[in-house]
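This report concerns only the one structure given below.
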Amino acid sequence: MTAPLPQLAAQLRAGLDPLLPLLAGLPDDATRRQRLAQALGLPGGTLTPDALLARFALPDAANPGDVWPVLLDLLRTAVGPSWPAWQLDIQNVLTLGPGPVPAPTATVLPPTIGLTFGLTGALPLVPGLTVSDGISLVLSLPSATPDDCTLTFRADGVALAFTGDALLGLLVPGGLALSGSLAVQLDKNGLRLEGGAAGKGVAIPLDKAPSVIRAPSLFVSAQDGGLRLDAAFGASLLGLGDATVDGVGLAISPGGGGFTATFVPPTGFGLTLAVGPAKGGGFLAVHDGQYEGALSLSLGIVEVRAYGILDTQPVSVLVVMSALFTPPVELGLAVTLNAVGGLLGIGRALDQAALAQVVQSGHLDDLLFPADPAAAAPRILANLGAVFPVRPGSTVVGPMFRIGWGRPVSFVTADIGVVLQLPSGVVGILGRLRVALPAPEVPVIDLRASVAGVVDAANGLIEIIADLAGSRLLTASVEGGLALRVKSGQDATFILSAGGFHPRYTPPAGFPTPKRLTITLADSPLLRIVFSGYFAVTPGTVQAGAELSAVIGSRSTGVTGRLSFDALVRWEPSFGVQLDLSGSFELRFASRTLCTLGLRVHVDGPTPCWHVAGRASFSLLFFDVSFPFDERWDCTGATALPPPPDVCALLEQALDDPRSWEPVLPDGVRTMVSLRAVDAAGGRLLHPLGRPRFSQRTVPLGIQVARYGPGRLPQPTAFDVTVTFAGGAGTAQPVTESFARADFFDLTDDEKLTQPAFEQFRSGSELTPPAPAVTAPTYSVPVEYETKWLGGPVGTPKPPWRITDTAFIAALPFGAVGRSLVHTLSSRYVSPPITTPDKPVLKDHAYAVVVTGTLKDAGLAHQSTFTEATALLATVSGRSATQQVVPAYEVKP
């Protein structure tokens with residue numbers, strides 16, 4: 001295996017430095033070639049193309065399945081030790097090839113070495129795959145910082161050719177031939193390749209393809225120790241329709257000291273036909289045990305569309321069907337039913353993160369009623385599979401509708417879908433609204449809003465995300481998004497964002513950050529004006545910001561300018577704003593800057609005073625002027641605080657509030673009846689084996705708080721409530737609730753942005769009654785019966801009669817209670833056994849004190865809340881500047 005790239009850079013410099021002064025004085029060319037090969041560390045001590053390729057191979061940090069090592073082996077096999085056209089160039093030092101080694105032009109290496117290895121001429125790799133325009137390897141080696149070195153590989157004219165296949169012959173007469181370029185760069189951040197992944201490998205940007213095909217693409221990936229090239233394209237089929245081919249390619253496998261190529265037939269095929277009144281098409285794909293299909297068929301007034309995914313390992317089925325009506329069905333008041341549909345997934349679940357990504361990408365219609373199902377079938381099926389992934393034991397089901405309004409065409413349409421996930425009970429709501437005036441075919445105003453929501457009652461989560469992708473107002477494009485999350489429980493939070501967040505705010509993990517609200521006011525070659533903004537509300541902050549940018553002319557010759565602001569609004573102890581303003585102006589001519597203006601301003605006020613600070617700068621040709629400013633005025637020296645709140649009185653009210661008291665059932669028991677209130681005050685009955693629970697949300701108990709909402713306490717105070725049975729009998733366990741930290745602790749604006757918004761604090765107690773005493777009194781109740789007539793003439797009512805104890809005990813086994821399974825099994829009040837002891841569970845949150853910069857554990861005990869960990873850090877004298885509090889999972893070993 002080769003060395004890591006920084007080590008390779010250091011080894012090359014260490015080998016070349018002592019050799020260059022001696023190279024010209026060596027007696028013959030063979031000796032110079034051998035010494036140069038040894039200095040470069042080439043395997044075998046030979047200066048050949050395959051040895052150079054082996055030396056500049058990918059470091060051993062490469063992951064299995066990477067394209068680079070397999071591609072390198074393929075090149076070395078094709079080149080061999082005697083490729084006639086190659087060159088090694090050490091910039092400004094030495095250039096050599098297959099001929100004699102020339103004398104170096106310098107005897108000392110420059111600070112940065114530019115080393116280039118190139119192969120010229122057409123290079124056939126395997127039948128059907130050729131590199132026609134050469135290959136180059138460029139290694140940049142900085143002297144002082146070898147970690148910054150880079151290795152770049154480029155192959156131009158990568159040509160793939162298929163001939164002899166009957167299907168391809170129908171679509172592309174003469175065979176399919178695609179040509180493009182492959183580029184790879186390796187540095188300290190890892191391997192980067194030009195092109196995208198798309199789930200198949202690395203995309204090769206194409207520059208040549210047959211004119212009869214549409215939207216061609218080519219991907220290369222590693223497979224079973226070799227390479228796999230996959231192509232996709234569209235073409236006309238005998239003039240009857242359009243065909244889409246996916247997955248046709250070449251499998252390159254190692255064997256016998258070389259590589260062999262095998263043609264791979266298409267894994268996906270789509271067809272669109274138009275024969276008489278019937279128009280439609282379909283798509284079928286098979287790969288890795290998964291079958292995907294799509295069908296769209298128009299028969300006059302009804303168009304039927306269907307999509308399906310069948311997985312065999314594990315078995316799961318996902319089917320989406322819809323029917324579109326032309327003309328729509330009239331419902332009255334210009335409201336029409338344009339389409340109906342439904343979704344069913346067995347062994348499938350709803351993925352909230354993937355649903356948010358689909359909304360933000362503007363492809364929510366893929367889940368509802370796609371506009372072009374035949375052409376977009378692969379993308380639609382990919383989105384369906386991502387949003388509804390395989391999950392054994394889960395089922396998703398739901399209806400879909402498209403409602404329109406307007407005549408003679410529906411210029412307002414709303415797509416609505418409701419998806420229920422069983423047995424979890426999670427509900428997904430999908431919606432898409434389009435307003436297209438004057439008509440959807442030629443809209444002047446085209447507003448499109450995609451909305452998706454998830455309601456997870458079991459976890460106390462409501463999440464909504466919306467996006468305006470594809471919207472246009474007259475000639476201006478409109479973009480942006482909105483996101484809402486309401487969460488209760490241990491990680492409770494409330495976040496509402498339209499357009500994003502303040503730059504210093506870090507949203508919670510997994511929160512779908514919406515796009516900036518953006519409108520392009522002007523967009524022409526000589527004038528571009530763009531406005532963007534955001535607004536967000538979190539438990540501790542209100543955030544807003546906007547930016548206006550303009551370009552007159554071009555960025556190389558013209559005027560550019562921008563104005564922006566970011567604001568944080570506070571409400572306590574009194575209203576105030578923190579505002580950051582910035583602006584810039586730049587005049588450029590022929591890519592040279594002639595004049596610039598810049599301004600940065602920070603405004604804070606109005607209490608305790610107005611504070612303005614910033615810097616202004618001006619530059620004209622060779623003159624630069626910059627000056628800061630910092631001003632304060634209307635300083636009162638103090639902030640008028642509201643009167644201190646009476647938290648004790650509020651706690652007493654919570655004690656008297658029946659809603660703070662809750663009867664708790666015994667563990668593992670589900671009651672068969674509802675316990676009603678017994679008085680006007682809202683009292684509740686308690687199960688005979690249950691426990692009473694007291695929990696309030698007025699203030700956290702047992703921890704010092706400095707404020708209550710907008711009011712500040714005279715001094716930090718800890719409040720507590722003790723709840724016991726008479727005489728202190730029984731035991732009490734703490735109960736916790738979620739509290740907003742900004743309502744009870746003094747937090748700066750930065751702390752509100754970066755620290756947890758909600759935390760679990762003790763809110764009360766749950767009481768367990770004492771065990772009954774052995775000498776507890778017993779009570780005897782006589783058993784009386786009465787006689788009733790069922791049918792026939794009403795006789796004289798018989799007086800109640802009493803059964804003897806002996807007869808009652810003898811009759812008990814034959815009554816309804818004695819013969820019931822509840823009595824026989826004695827299981828009514830027994831907790832069910834735990835049958836899955838190894839079932840994974842989420843760990844409780846924990847926070848640790850670490851050393852700033854290294855994140856090493858400082859040796860203090862972990863705490864269950866951020867507030868407790870911060871209080872623990874405050875007790876360590878002189879450590880607050882060098883240590884900080886982080887979640888326990890961020891601690892470095």
Worksheet entry | Check against side chain to side chain contact (heavy atoms under 4.5 Å, CB included), Phe233 and Val248 | CA-CA 9 Å; Phe233 63 92; Val248 61; 4.1 Å; yes
Item to complete: For the pair Leu468 and Leu447, evaluate side chain to side chain contact (heavy atoms under 4.5 Å, CB included) and give the outcome as yes or no after the intermediate values.
Response: CA-CA 7 Å; Leu468 295 174; Leu447 299 179; over 6 Å; no
Practice prompt. Would you please test Val486 and Leu496 for side chain to side chain contact (heavy atoms under 4.5 Å, CB included) and show each step?
Written response: CA-CA 9 Å; Val486 181; Leu496 172 64; over 6 Å; no
Practice prompt. Take Leu343 and Phe388 through the side chain to side chain contact (heavy atoms under 4.5 Å, CB included) test and state the conclusion after the steps.
Written response: CA-CA 10 Å; Leu343 177 146; Phe388 302 103; 3.5 Å; yes
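The closest side-chain heavy-atom distance from Val537 to Phe494 is below 4.5 Å. Between Ser477 and Thr520, some side-chain heavy-atom pair lies under the 4.5 Å cut-off. Residues Val126 and Leu250 meet the side-chain proximity criterion, which asks for heavy atoms closer than 4.5 Å. For the pair Thr513 and Ser497, the minimum side-chain heavy-atom distance is 4.5 Å or more. Residues Val542 and Phe535 have side chains in contact (heavy-atom distance under 4.5 Å, counting atoms from C-beta outward). In this structure the side chain of Val451 never reaches within 4.5 angstrom of the side chain of Leu433, judged on heavy atoms. The shortest distance between side-chain heavy atoms of Phe369 and Thr413 does not fall below 4.5 Å. Within the 4.5 Å cutoff, side-chain heavy atoms of Ser179 are placed close to those of Asp207.
Minimum heavy-atom separation, Ala469 to Arg448: O-CB, 3.9 Å. Across all their heavy atoms, Ala306 and Met321 have their closest contact at CB-CG, 4.1 Å. When all heavy atoms of Ala235 and Leu171 are compared, the closest pair comes out as CB-O, 3.8 Å. The two residues Gly157 and Ser181 come nearest to each other via the heavy atoms N-OG, 4.1 Å. Looking at every heavy atom in both residues, Ala231 comes nearest to Leu218 through CB-CD1, 4.2 Å. The two residues Val264 and Gly247 come nearest to each other via the heavy atoms CG1-O, 4.1 Å.
Aromatic ring centres of Phe511 and Phe501 lie closer together than 6.0 Å.
Of the candidates Leu367, Asp366, Asp351, Leu367 is the only one forming a side chain to side chain contact (heavy atoms under 4.5 Å, CB included) with Val387.
Atoms OH and CD, from Tyr534 and Gln543 in turn, are 6.5 Å apart once rounded to the nearest 0.5 Å. Rounding to the nearest 0.5 Å gives a distance of 11.5 Å between NZ of Lys208 and CG of Leu178. Note that the CG atom of Leu331 and the OG1 atom of Thr336 stand 6.5 Å from one another [nearest 0.5 Å]. To the nearest 0.5 angstrom, Arg432 atom CZ is 8.0 Å from Leu368 atom CG. Put simply, CG on Leu129 and CD1 on Ile252 are 5.0 Å apart, with the number rounded to the nearest 0.5 Å. The CG atom of Leu548 sits 7.0 Å away from the CD1 atom of Ile529 when rounded to the nearest 0.5 Å.
Although no hydrogens or angles enter the test, the distance criterion places a donor-acceptor pair under 3.5 Å between the side chain of Ser394 and the main chain of Arg348. With hydrogens and angles disregarded, no donor-acceptor distance shorter than 3.5 Å links the side chain of Thr244 to the backbone of Gly234.
Ion pairing between Arg402 and Asp365 fails under the 4.0 Å rule for side-chain N and carboxylate O.
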